[in-house]
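Since the model is a prediction, treat every value here as computed from it, not as a measurement.
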Amino acid sequence: KAPELPESPEDALERMLMEGTSSFDPDSDATIKVDLSAIKKAAAQRYGYEAEGEPDAVPVEPTEELVPVVKAVEVPVTVKCRLGWDKGSINVLDFTKRMEDAGASMIAVHGRTRSMLYSGVADWDTIGKVKQQLSVPVIANGDIVSPETALRCLKWTGADGIMIGRATFGDPWIFSQCSAAMAGNEIPERPCLADRVDVALRQFELALEDKGVHIACLEARKHFAWYL
């Protein structure tokens, strides 16, 4: 028998909309992030880009999905997006303005297009343009891999904060390092190998509790290497 998977974000969102605000404690620190930066083929079909084998896919206007979420809950709703589908369809300036108008409380921008996946260099210039036109906080994402690049990105874009992605794999200490750098404090060293292995084991234990032995073991096969 296949292991029971945890509820997906999509299922959780659908359930939340069906239940209204009863799923959330308005006095909590919870937020809802609508991630529209997906790189999977399904994103093309859902948001109107022709994908191989699905030329007749009916596009969904993202604002039509965001507005009901904002109205359904009493907690902040944030949005994460990319620059556009490819270099010929960069629409992030128009898109983020519409997201703000639809009620997004904060917007994070990954400085790459979908077609770039994780290749090339993140476009911090365009993130800076997004920041200049919006009144809600803007979070910069892409190529932030160290305390030094965190500071450089903040200065370059003028963003209100940063979002760190792949650089956290096997290195959760990057958060304290970047926080120290942003506060002007001494940057702590990365722990020794023995301590890193202890954290890797703790991550496996938490995954075991949350996802079950099958998925936890599959994930650990690649996660452990990142800690070394």
Side-chain angles (χ1 to χ4, degrees), residues 5-6 8-9 29-40 43 78-83 106-128 130-131 137-228:
L5 298 179
S8 70
D29 294 327
T31 61
I32 298 173
K33 185 186 79 170
V34 180
D35 192 344
L36 301 175
S37 63
I39 62 175
K40 295 184 178 180
T78 69
V79 170
K80 181 172 182 283
C81 66
R82 288 192 172 222
L83 303 182
M106 183 176 71
I107 297 176
V109 180
H110 184 153
R112 288 181 172 86
T113 64
R114 185 272 178 191
S115 64
M116 292 174 68
L117 301 180
Y118 298 107
S119 67
V121 178
D123 183 354
W124 291 352
D125 287 330
T126 300
I127 297 177
V130 172
K131 169 59 185 174
V138 171
I139 307 300
N141 176 230
D143 291 348
I144 302 170
V145 298
S146 66
E148 293 75 21
T149 52
L151 294 178
R152 193 179 309 134
C153 181
L154 284 173
K155 183 176 181 181
W156 194 293
T157 63
D160 300 282
I162 57 171
M163 179 178 291
I164 307 173
R166 290 169 296 150
T168 65
F169 294 170
D171 188 13
W173 303 278
I174 193 173
F175 294 114
S176 59
Q177 290 179 323
C178 289
S179 295
M182 292 163 63
N185 299 327
E186 182 178 357
I187 300 174
E189 294 289 335
R190 196 169 185 238
C192 66
L193 178 59
D195 290 342
R196 299 201 303 271
V197 169
D198 287 342
V199 174
L201 291 173
R202 179 56 179 155
Q203 178 178 325
F204 173 73
E205 292 171 353
L206 293 173
L208 192 63
E209 295 175 5
D210 185 47
K211 303 176 181 180
V213 63
H214 178 70
I215 294 179
C217 287
L218 289 176
E219 292 181 345
R221 288 162 58 182
K222 61 179 179 180
H223 290 181
F224 273 32
W226 292 329
Y227 281 94
L228 302 179

Quick check: are there more than 12 heavy atoms from other residues, nucleotides or ligands sitting under 6.0 Å from CH2 of Trp226?
yes
Closest heavy-atom pair, Arg190 versus Leu228, reported as atoms and distance to 0.1 Å, is NH1-O, 4.4 Å
### Task
Using a 4.5 Å cut-off on heavy atoms from C-beta on, say whether the side chain of Asp171 contacts that of Arg196.
no
**Asked** Should the heavy atoms of other residues, nucleotides or ligands under 6.0 Å from CD of Glu186 be counted, would the total exceed 12?
**Response** no
To the nearest 0.5 Å, atom CE of Met163 lies from atom SG of Cys153 at 11.5 Å
In this structure, CG of Asp123 is separated from CG of Leu83 (nearest 0.5 Å) by 5.5 Å
Between the CG atom in Leu206 and the CG atom in Leu201, the distance rounded to the nearest 0.5 Å is 11.0 Å
Subject >> Side-chain (Asp143) to main-chain (Ala122) donor-acceptor, under 3.5 angstrom >> reply: yes
Can you find a heavy atom in the side chain of His110 that is under 4.5 Å from one in the side chain of Tyr118?
yes
All heavy atoms of Glu148 vs all of Ile187, minimum pair found to be OE2-CD1, 4.2 Å
Note: Leu151 and Ala181 closest approach over all heavy atoms is CD2-O, 3.7 Å
dist Asn185:CG -> Met182:CE (nearest 0.5 Å) comes out at 11.5 Å
* Asked: Any sub-3.5 Å donor-acceptor pair from Arg112's side-chain atoms to Gly120's backbone N or O?
  -> yes
The reported gap from CD1 in Ile164 to CZ in Phe169 (rounded to nearest 0.5 angstrom) is 12.0 Å
Open item on the list: Students often mix this up, so state it plainly: with edges at 30° and 60°, are the rings of Trp173 and Tyr227 parallel, tilted or perpendicular?
Closed with: perpendicular
query: Is the closest side-chain heavy-atom distance between Thr157 and Lys131 below 4.5 Å?
result: no
Closest non-hydrogen atoms of Asp160 and Ile139, given as atom of the first, atom of the second and distance, are C-CD1, 4.4 Å
CG (Leu208) and CD (Gln203) are apart, to the nearest 0.5 Å, by 12.0 Å
When every non-hydrogen atom of Ile144 is compared with those of Ala167, the smallest separation belongs to O-CB, 3.6 Å
Residue set satisfying ring-ring contact (aromatic ring centres under 6.0 Å, His included) with Phe204, at least two apart, ordered chain then number -> none
Tightest non-hydrogen contact, residues Gly165 and Asn141, listed as N-ND2, 4.2 Å
(Q) Is any side-chain heavy atom of Phe224 closer than 4.5 Å to one of Val197? (A) no
